[in-house]
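Accompanying notes for the structure given below.
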Amino acid sequence: MNTHQTDNHFSNRVLTWFDRHGRKHLPWQQQPTPYHVWVSEIMLQQTQVTTVIPYYQRFMVRFPDVSALATAGVDEVLHYWTGLGYYARARHLHQAAQHIHSQHHGIFPTQWAEIVALPGVGRSTAGAIMALAYGQRYAILDGNVKRVLCRYHAITGWSGSSAVSQSLWALAEKYTPANRVADYTQAMMDLGALICRRRGALCEECPLHSDCQAYRQQAVDAYPHSKPRKATPENHLIVLVIVSEKGLLLEKRPDTGIWGGLWSLPQVSDMTAIADWCKTHCQFTPTNWHTWPSLSHQLTHLRLHLHPVAIVLPEGNAPNLLAVAPSASFCWYNFDAPPALGLPAPVVRLVEQIKMKC
DNA sequence: AAGTCGGGGGC
DNA sequence: GCCCCAGACTT
């Protein structure tokens, strides 16, 4: 009977705090159009605000609206995404823009079901667009909201497990108010990011601390429970550094898997495959090569070691090599006029090294 | 239900 | 080093 009162109690406290302390000057808040909210939400998936801001600003200058994004090439979109990670986000964003451009005349859809059907948009991102851009009462459940709710109710278990996630969604829906839903949604993210921080939570400044179960237990740092982790595997990749007067040879990666759709160095399965690879793809058999120092690259779930092998081009055989590229899957990366392509972060590092040697 | 997908921030 | 971050998608 008093559950409704309790729900308003929660959102009222959050909203009062927001009026005084919430963030109101983030780039995507200035004109919270569906397009601005959408792009920002996709960039912010698993990515911190301070990292996103410069990417968002560059992106909006180049792709100011859905149609600008839809009519651009996917390589250029990935170029603007280079360094942000999770590149499927960029390809999905581009696909969705093309869908909106061709099927909805460039007008962003207004219904939740249409929005959640867009590639790359799940339940939480769709809720954020509905709440922030349209003021409709839809809930979100991002990392911030999860942390606030896990602590407020002292919820045990990993928040990614289906049982805990289901409980959290029910709570998120319950607390989301009908009035001022845009402010409330922003407030919950701000509360999680600024006050209910992963470490070093500022509980004395939190509008909810008098009712927070984790605070009452004096065990705020224990929530949310972290994901059980396994040992991260190590992967070794042999990559080829082939430089001609046209630049560095790059190969486009398939859309699925790591660095999907990005341009990387050609990769071979083992050292014995190098000669065959050159014969097949470049119509020449290298006489010798040099192994360069390896680069390590830590990902969430594995550790990569790149072993660059520099192929020495035989004198006079460069013309044959030129026949290789450009094509759909190969290109020459010109250091003096770098093309707008997406490159994995360690390849960017390697390109910098190669540029120094040339 | 568990794995995959990246790079950077912060301690 | 380690864990996490305005999650979604595939298997």
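Here is the naming used below: chain letters follow the sequence lines, and residue numbers restart at 1 for every chain. These numbers come from a predicted model, not from an experiment.
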Problem - Distance below 4.0 Å between Thr125(A) side-chain N/O and dA8(C) OP1 or OP2 - result: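 Yes.
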Practice task
Run through the side-chain heavy atoms of Ile, Leu, Val, Met, Phe, Trp and Tyr, join any pair under 4.5 Å, and report what else lands in Met356(A)'s cluster.
Solution key: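 So far as hydrophobic clustering goes, Met356(A) is joined with none.
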Who pairs with [X] by ring pair (Phe, Tyr, Trp, His ring centres under 6.0 Å), at least two apart in sequence or on another chain?
X: Tyr134(A); answer: none
X: His307(A); answer: His236(A)
X: His209(A); answer: Tyr215(A)

Quickly work out the [X] [atom1] to [N] [atom2] distance and round it to whole Å.
X: Met188(A); N: dA6(C); atom1: CE; atom2: P; answer: 13 Å
X: Arg303(A); N: dC2(C); atom1: CZ; atom2: P; answer: 9 Å
X: Ile140(A); N: dA8(C); atom1: CD1; atom2: C1'; answer: 15 Å
X: Leu194(A); N: dA6(C); atom1: CG; atom2: C1'; answer: 12 Å
X: Asp190(A); N: dC5(C); atom1: CG; atom2: P; answer: 15 Å
X: Trp38(A); N: dA8(C); atom1: CH2; atom2: C1'; answer: 14 Å
X: Asn144(A); N: dC4(C); atom1: CG; atom2: C1'; answer: 11 Å

Practice task
Give the C-alpha distance, both sets of side-chain angles, the deciding distance and a yes or no for ring pair (Phe, Tyr, Trp, His ring centres under 6.0 Å) between Tyr55(A) and Phe59(A).
Solution key: CA-CA 6 Å; Tyr55(A) 284 87; Phe59(A) 198 91; 9.6 Å; no
Exercise for the section: Enumerate the residue pairs fulfilling salt bridge (charged side-chain N to carboxylate O under 4.0 Å, His left out) with a member in residues 187-212 of chain A, sequence neighbours excluded, ordered by first and then second residue. Expected result: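 Residue pairs passing salt bridge (charged side-chain N to carboxylate O under 4.0 Å, His left out), neighbours aside: Arg13(A)-Asp211(A), Arg23(A)-Asp190(A).
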Practice task
For the pair Gln213(A) (side chain) and Cys150(A) (backbone), establish whether a donor and an acceptor sit closer than 3.5 Å, ignoring hydrogens and angles.
Solution key: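 Absent.
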Between [M] and [N] - [atom1] atom distance, rounded Å:
N: dT11(C); M: dG6(B); atom1: P; answer: 15 Å
N: dA6(C); M: dC11(B); atom1: P; answer: 15 Å
N: dG3(B); M: dC3(C); atom1: P; answer: 16 Å
N: dC5(B); M: dC5(C); atom1: C1'; answer: 14 Å
N: dG9(B); M: dA8(C); atom1: C1'; answer: 22 Å

Handout entry: Selected nucleotide, minimal atom distance to Ser162(A) side chain, candidates dA1(B), dA6(C), dG7(C)
Key =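 Among dA1(B), dA6(C), dG7(C), the one nearest the side chain of Ser162(A) is dA1(B).
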Exercise for the section: Just grab all the side-chain hydrogen bond (donor to acceptor under 3.5 Å, both in side chains) pairs involving residues 68-77 of chain A, residues at least two apart or on different chains. Expected result: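 As it turns out, the side-chain hydrogen bond (donor to acceptor under 3.5 Å, both in side chains) pairs with a partner in residues 68-77 of chain A, which skip direct neighbours, are Arg62(A)-Glu76(A), Asp75(A)-Lys252(A), Asp75(A)-Trp263(A).
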Problem - Pairs touching residues 110-127 of chain A that satisfy side-chain hydrogen bond (donor to acceptor under 3.5 Å, both in side chains), sequence neighbours left out - result: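 Residue pairs passing side-chain hydrogen bond (donor to acceptor under 3.5 Å, both in side chains), neighbours aside: Gln45(A)-Thr125(A), Arg123(A)-Glu173(A).
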Handout entry: Dot-bracket line, read 5' to 3' along DNA chain B, where crossing pairs take [ ] and | marks a partner on another strand, Watson-Crick or G-U under 3.5 Å
Key = |||||.|||||
Problem - Non-neighbouring partners of Asp19(A) that pass side chain to side chain donor-acceptor pair (under 3.5 Å), sequence neighbours left out - result: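 Scan of Asp19(A) (side chain to side chain donor-acceptor pair (under 3.5 Å), adjacent residues dropped) gives Arg180(A).
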Please classify the nucleic acid contact of [X] as base, sugar-phosphate, or nothing, using heavy-atom distances under 4.0 Å.
X: Leu304(A); value: nothing
X: Trp81(A); value: nothing
X: Arg147(A); value: sugar-phosphate

Distances for protein N or O near nucleotides 9-11 of chain C N or O, under 3.5 Å:
| residue | atom | partner | partner atom | Å |
| --- | --- | --- | --- | --- |
| dC9(C) | OP1 | Gly120(A) | N | 2.5 |

Kindly list each side-chain donor-acceptor pair under 3.5 angstrom involving residues 95-104 of chain A, sequence neighbours excluded, with atom names and distances?
| residue | atom | partner | partner atom | Å |
| --- | --- | --- | --- | --- |
| Gln98(A) | NE2 | Ala70(A) | O | 3.3 |
| His101(A) | ND1 | Ser67(A) | OG | 3.0 |
| Ser102(A) | OG | Gln98(A) | O | 2.9 |

Completion exercise
Expected string for nucleotides 4-11 of chain B under the B/S/- scheme (protein heavy atoms, under 4.0 Å, primed atoms plus P, OP1, OP2 as sugar-phosphate) is SBBB-BBS
Exercise for the section: May I ask you to say whether Glu352(A) pairs ionically with Lys355(A), meaning some side-chain N is under 4.0 Å from a carboxylate O? Expected result: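 Yes, Glu352(A) and Lys355(A) are salt-bridged.
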